[in-house]
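Report on the structure given below.
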Amino acid sequence: MKKILLVVGLSLLLILTGSGPVAAQGGDACPALVEQALASLDDLCLGLDRNTACYGHNRVDALFWTPQPDTVFSRPADRVALIDLQRVATTPLDLDASEWGLALLHVQASLPETLPGQAVTMLLMGDASLENAVTPEDVAAAVTPVEGHTTTAANVRSQPTTSANIVFSLPADSPLSLIGLNPARDWYQIALEGSGSAWIYADLVRVDNLMQLMALPVTYGVNRTPQYGPMQALYFTASLSAPDCRQAPNALVVQSPEQVEVTLNINALEIQLGSTAVFSLAQTSSGQPVMVATLLEGRLQTLVGGYPVSLVTPGRALALTLNDDGQVDNRSRLVHVPDEALLGDLVGAACQNAVLSGVLRPALNLAMCQTEVKVYVPPPPPTAVPATPAPPTPIGPEINFWVDRNQISLRECVTVSWSVENVQSVFYGQEGVTGEGSRQECPTVDTVYTLTVVTQAGERITRSLPVTVLGGYYVNFWADKLNLGYAECTQLHWDSAGISALYLNGQGVTGQGSTEVCPGGIVTYNLMAILPDNSQVGRSLTIYGTIG
């Protein structure tokens, strides 16, 4: 899949550099036109299917990936599949022409097929546009759940690790719908009844169709498989000019299904939303563009500069600076906006329109639209108080050597760090290193990590850090390909820890390794692990080779 960027930027209802709120213009005509448009939207777009856009109120312009007849998506109530839509634009308020654009989109986003019909609602209003960043060729295939059953009583956890919270427990032979894997493929993501997902350890699950299991996407970690559907990644633009009246903002309101968290990539910034937010564009006092995300209800999570940021209070907002391309990069930072009252006016008007349109679920109401907006900015670091100069002392070595955890479970990792000054050389284990650095280590047995320094006087000093690995084991078994052509071969791979012995089709093998096989037919390969208590754990792979 090509790299996909989602740029979300919305204009403020009012110019943020002004001295106060812009008064409503156009007398009663503006509110009347807005009310008429909102009142008709729900009827015009009633029963909108998932992955579909609806022409809500005039005027809405559209651009398609391939040429379409002029009549396609040209009038209110017209609908079009998102996979065909390259760009949709709504128009600003024009009282003379009785125009104010509204468009409604139902986007599948990261919702699995186990939630049929449920969709992310996007309501676009005013002088704004959405450009689909997912081409028809790049649309991710829908995930088909794989059936499984628990082999014994099992805990279901919030993350793929035994240190995560237990969501609930299941008895033996409970049916499961598997929808994803972790990178090591030793945990399965399962769809929960109603909505949401959780994780279960692979050794506690029986799956009959291994070919379907291997086709599931990796849905956890930095290397997870991208799963972008149409308009899940998009480019949004809007005018910074103030509309004719406050009731007609240029805005986008996004709402996920109730109690479901979805993933969107916003302006090269990935967010998880559950469930309603308004996105907008502002400027700093120096004119730098700022993307603003304001939470109306639920929770919004993201990473800024590698640090997690979470909004859980209605009315809290993030204002994140953008680069010259209108995107988030490693220099983007959280800032204030010049006037939170003007931002609140925009958010309140967009929220009110979304509620009155009737296209959102009842959890959002007009009272929530009156919430005071506060932009979140991390507190500045405390100002250091200059210390009284101490008498000069001889410069000796400064050695700092630490680990983030001294005790881990099998398959977990630790970060070993050091900071050393006033020495000749530094060695991490046997490796020569700089005076400051870190290493990620993933031991499978109890391990002691050492740091040795040679001082200016030639003295060797060693520091030690023990890391204890708690009991447990894992056994992974996979192949490069499961379906082979005539006379074609493939590689079998295995990886294990915490075991006493390992056998491939009865032959002893090392704990980690690979071998080439050329089955010439349908052949099942068995990997058997002997645990320290002499119990056995097996893994199987069936390779389908073409005969003749």
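The first residue of the sequence shown is numbered 1, and numbering continues consecutively from there. Everything numeric here is computed off the predicted structure, so don't read it as measured data.
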side-chain contact (heavy atoms from CB on, under 4.5 Å) partner of Ile190, chosen from Ile179, Val205, Leu176: Leu176
Given Leu93, which of Ser98, Pro249, Cys30 fulfils the side-chain contact (heavy atoms from CB on, under 4.5 Å) condition? Cys30
Any idea which heavy atoms bring Met291 and Leu269 closest together, and the distance? CE-CD2, 4.2 Å
Does atom CZ of Arg75 have more than 12 heavy-atom neighbours from other groups under 6.0 Å away? no
Report yes if some heavy atom in the side chain of Leu130 is under 4.5 Å from a heavy atom in the side chain of Leu124; otherwise report no. yes
Which one of Thr121, Leu264, Ile271, Leu105 satisfies the side-chain contact (heavy atoms from CB on, under 4.5 Å) criterion with Val254? Leu264
Walk me through it: do Leu123 and Gln255 pass the test side-chain contact (heavy atoms from CB on, under 4.5 Å)? CA-CA 9 Å; Leu123 177 59; Gln255 184 182 68; over 6 Å; no
Should Arg206 and Glu147 count as an ion pair when the cut-off is N to O under 4.0 Å? no
Flag the pair Val304 / Leu320 as yes when at least one side-chain heavy-atom distance between them is below 4.5 Å, and no otherwise. yes
Donor-acceptor pair, side chain of Asn182 and main chain of Asp186, under 3.5 angstrom: yes
Using 30° and 60° as the class boundaries, would you call the ring planes of Phe64 and Phe73 parallel, tilted or perpendicular? perpendicular
Please confirm whether the backbone N or O of Val107 pairs with a side-chain atom of Asn51, one donor and one acceptor, at under 3.5 Å? no
Between His57 and Pro76, is any pair of side-chain heavy atoms under 4.5 Å apart? no
Asn132 side chain vs Met231 backbone, donor-acceptor pair below 3.5 Å: yes
Any side-chain heavy atom of Leu334 within less than 4.5 Å of one from Val309? yes
